[in-house]
Amino acid sequence: MGTQMIAKGLDFPDVTLVGVINADTALGLPDFRAGERTFQLLTQVSGRAGRADKPGEVFIQTFNPEHYAIQYATKQDYEGFFYAEMAIRHRGDYPPYFFTMKLTVSHPDEAQAAKAIYSLAAQLNAVLSDSARVLGQRLEPSPG
């Protein structure tokens, strides 16, 4: 069965052994919530092993066993994870310390889309405060 299926709250009363293969796959995604999602998935799936009077075991296979999300998940340490995650988000200027917004511009003609996004970026930069950060923006538009 898939990890997501087990983690989503389905009750399998006779499950006493859970194995998570490549538990750190999501940690490589370019998402500031990757640690949180990994921790959440591992703690949820771990809760499915052993129900009622049946003891359970969980095996986690990972290439990154020292990662804080995996370490805190193996200990079921929600509070420790929260403080570690909040410290990382504060240093990285991520929510809940900063608001984020994603803008996407699309057009059948890539040049038109590029022109529009550069125009939008210029308009935003003119009105944003000095503490605002615009990510994914080149300083100069590409020629053409």
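Sequential numbering from 1 along the given sequence is applied to the chain's residues.
Counting only distance, with no hydrogens or angles, the side chain of Asn64 and the backbone of Asp24 share no donor-acceptor pair below 3.5 Å. Between the side chain of Gln61 and the main chain of Asn22, a donor-acceptor pair closer than 3.5 Å is present. Judged by distance alone, with hydrogens and angles left aside, the side-chain atoms of Ser119 form no donor-acceptor pair with the main-chain N or O of Lys115 at under 3.5 Å. Not one N or O on the side chain of Glu57 forms a donor-acceptor pair closer than 3.5 Å with the backbone of Val18. Side-chain atoms of Thr38 do not come within 3.5 Å of backbone N or O of Gly35 as any donor-acceptor pair.
Side-chain heavy atoms closer than 4.5 Å link hydrophobic residues (I, L, V, M, F, W, Y) into clusters, and following such links, even through other members, never connects Val45 to Tyr72. Leu128 and Tyr118 end up in the same hydrophobic cluster when Ile, Leu, Val, Met, Phe, Trp and Tyr side chains are linked at under 4.5 Å. Each of Phe32 and Leu27 belongs to its own hydrophobic cluster when Ile, Leu, Val, Met, Phe, Trp and Tyr are linked at side-chain heavy-atom distances under 4.5 angstrom. Cluster annotation: Met101 and Val105 are assigned to the same hydrophobic cluster (Ile/Leu/Val/Met/Phe/Trp/Tyr, side-chain heavy-atom contacts under 4.5 Å, transitive). Under the 4.5 Å side-chain heavy-atom criterion for ILVMFWY residues, no single connected hydrophobic cluster contains both Tyr94 and Phe99.
The line from CG of Leu42 to CD of Gln76 is 9.0 Å long, rounded to the nearest 0.5 Å. In this structure, CG in Leu120 is found 10.5 Å from OG1 in Thr104, a value given to the nearest 0.5 Å.
Annotation: Phe63, atom CZ; neighbour count of heavy atoms from other residues, nucleotides and ligands within 6.0 Å does not exceed 12.
Closest of all the heavy-atom pairs between Ala26 and Ala34 is O-CB, 3.3 Å. Listed here is the closest heavy atom pair of Glu66 and Gln71: O-CG, 3.8 Å.
Contact annotation: the side chain of Leu29 never approaches that of Arg37 to less than 4.5 Å [non-hydrogen atoms, C-beta and beyond]. Phe98 is not listed as a side-chain neighbour of Arg89, based on a closest heavy-atom distance of 4.5 Å or more. Contact annotation: the side chain of Phe81 approaches that of Glu36 to within less than 4.5 Å [non-hydrogen atoms, C-beta and beyond].
In summary, the aromatic rings of Phe39 and Tyr68 are positioned with their centroids too far apart to meet the 6.0 Å limit.
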